[in-house]
Amino acid sequence: LQRLFARGDLFLPVSVQARDRLLELGCPERKIVIHRMGVDVRQFDMTARRRFASTTLRILSVGRCIEKKGFAYALEAMAFLQDIPCEYTIIGDGPLRDALEAKARALGVAVRVRFMGARDSGTIRRCLKDADVFLAPSVTAGSGEKEGIPVVLMEAMASGVPVLTTANGAIRELVQDGQTGFLVFERDPVALAAKLRALRHAPEHVESAVRAARALIEEKFNITALNQELLKLFTNIAYESV
């Protein structure tokens with residue numbers, strides 16, 4: 001790593017968390033620039049959608065079926081919501097899918113949970129248009145692996161879908177609780193269920209968060225602007241090397 005840090009001209013972590021880790025490893029601060037991941041906001045419309053009321057609450061998660069995505073805790077949360085009409089869709093595949101499907105059956109929620117497997121970006125965008133809440137119940141895996149800033153969270157926020165997630169990894173750099181989305185502590189299905197229930201009964205609070213989330217994505221996570229910034233960074237480095 002020290003040889004890499006000496007030879008490299010520029011290091012581009014996607015989050016403050018990743019920057020701090022580079023500093024801990026010995027990367028010179030002058031060579032580090034935080035450069036965010038982003039989305040093409042033009043592909044995501046702020047779709048007018050029903051806001052809960054007496055209708056079925058449509059909950060969506062997208063991600064690989066691996067430990068850090070925390071889908072097991074989302075399934076447990078569904079078990080605490082047996083008294084309200086809701087349906088939960090998980091898009092994604094991975095090594096834990098069979099175990100998650102078995103868990104849904106054991107919890108008695110399989111009839112309200114749909115595992116769609118891997119899908120292309122067009123399908124994900126269509127599902128976002130139909131969703132009432134985007135749920136990302138991320139956790140720190142046993143290996144220590146944490147989330148960065150999931151791009152699909154940005155896509156949900158750009159689409160006008162309220163996001164419920166956990167204070168895990170760098171997610172807090174994107175989602176501010178009650179302002180651009182909603183946060184709970186990780187590995188807490190009771191808190192997830194309680195927040196879903198609260199959101200269902202406070203659509204006016206959801207609307208303000210949705211508008212703020214879209215504005216944040218347009219301002220700081222717009223891939224068009226970020227690409228221009230990246231070009232400037234590379235151009236500056238090229239001129240300095242001449």
Apply side-chain contact (heavy atoms from CB on, under 4.5 Å) to residues F115 and L100 and explain how you reach the verdict.
CA-CA 9 Å; F115 290 86; L100 290 169; 3.8 Å; yes
E67/R187 salt bridge by N-O under 4.0 Å criterion:
yes
For the CZ atom on R114, are there more than 12 heavy atoms of other groups (residues, nucleotides or ligands in this structure) within a distance under 6.0 Å?
no
Donor-acceptor check, side chain of T166 to backbone of S138, threshold 3.5 angstrom: yes or no?
yes
Between E76 and K103, does any side-chain N to carboxylate O distance fall below 4.0 Å?
yes
Tightest non-hydrogen contact, residues V133 and V161, listed as C-CG1, 3.8 Å
Taking side-chain contact (heavy atoms from CB on, under 4.5 Å) as the criterion, tell me which of R200, E87, R58 meets it with D132.
R58
Scan V41, N222, L216, V39 and name whichever one has a side-chain contact (heavy atoms from CB on, under 4.5 Å) with M154.
V39
Cationic N near anionic O, under 4.0 Å, K195 to D188
no
Does D177 reach the main-chain N or O of L183 with its side chain, forming a donor-acceptor pair under 3.5 Å?
yes
Counting neighbours of CE on M37 that are heavy atoms of other residues, nucleotides or ligands and sit closer than 6.0 Å, is the number greater than 12?
no
When you measure from the side chain of E155 to the backbone of D40, do you find a donor-acceptor pair of N or O atoms at a distance under 3.5 Å?
no
Quick check: do F44 and R214 have side-chain heavy atoms less than 4.5 Å from each other?
yes
My understanding is that only one of V163, L164, V175 makes a side-chain contact (heavy atoms from CB on, under 4.5 Å) with F182; could you say which?
L164
Taking E173 for the side chain and V16 for the main chain, is one N or O donor matched with an acceptor at less than 3.5 Å?
yes
Is it true that atom NZ of K146 has more than 12 heavy atoms of other residues, nucleotides or ligands lying nearer than 6.0 Å?
no
Decide if atom CD of E24 counts as having more than 12 heavy atoms of other residues, nucleotides or ligands within a radius under 6.0 Å.
yes
Distance col, row L226:CG vs L231:CG, nearest 0.5 angstrom, shows 12.5 Å
Would you check if the side chain of K31 reaches a backbone N or O of A6 as a donor-acceptor pair within less than 3.5 Å?
yes
If I take atom CZ from residue F80 and atom CG from residue L192, how far apart are they, to the nearest 0.5 angstrom?
10.0 Å
Say you draw a straight line from CD1 of I59 to CG of L199; how long is it, rounded to the nearest 0.5 Å?
9.5 Å
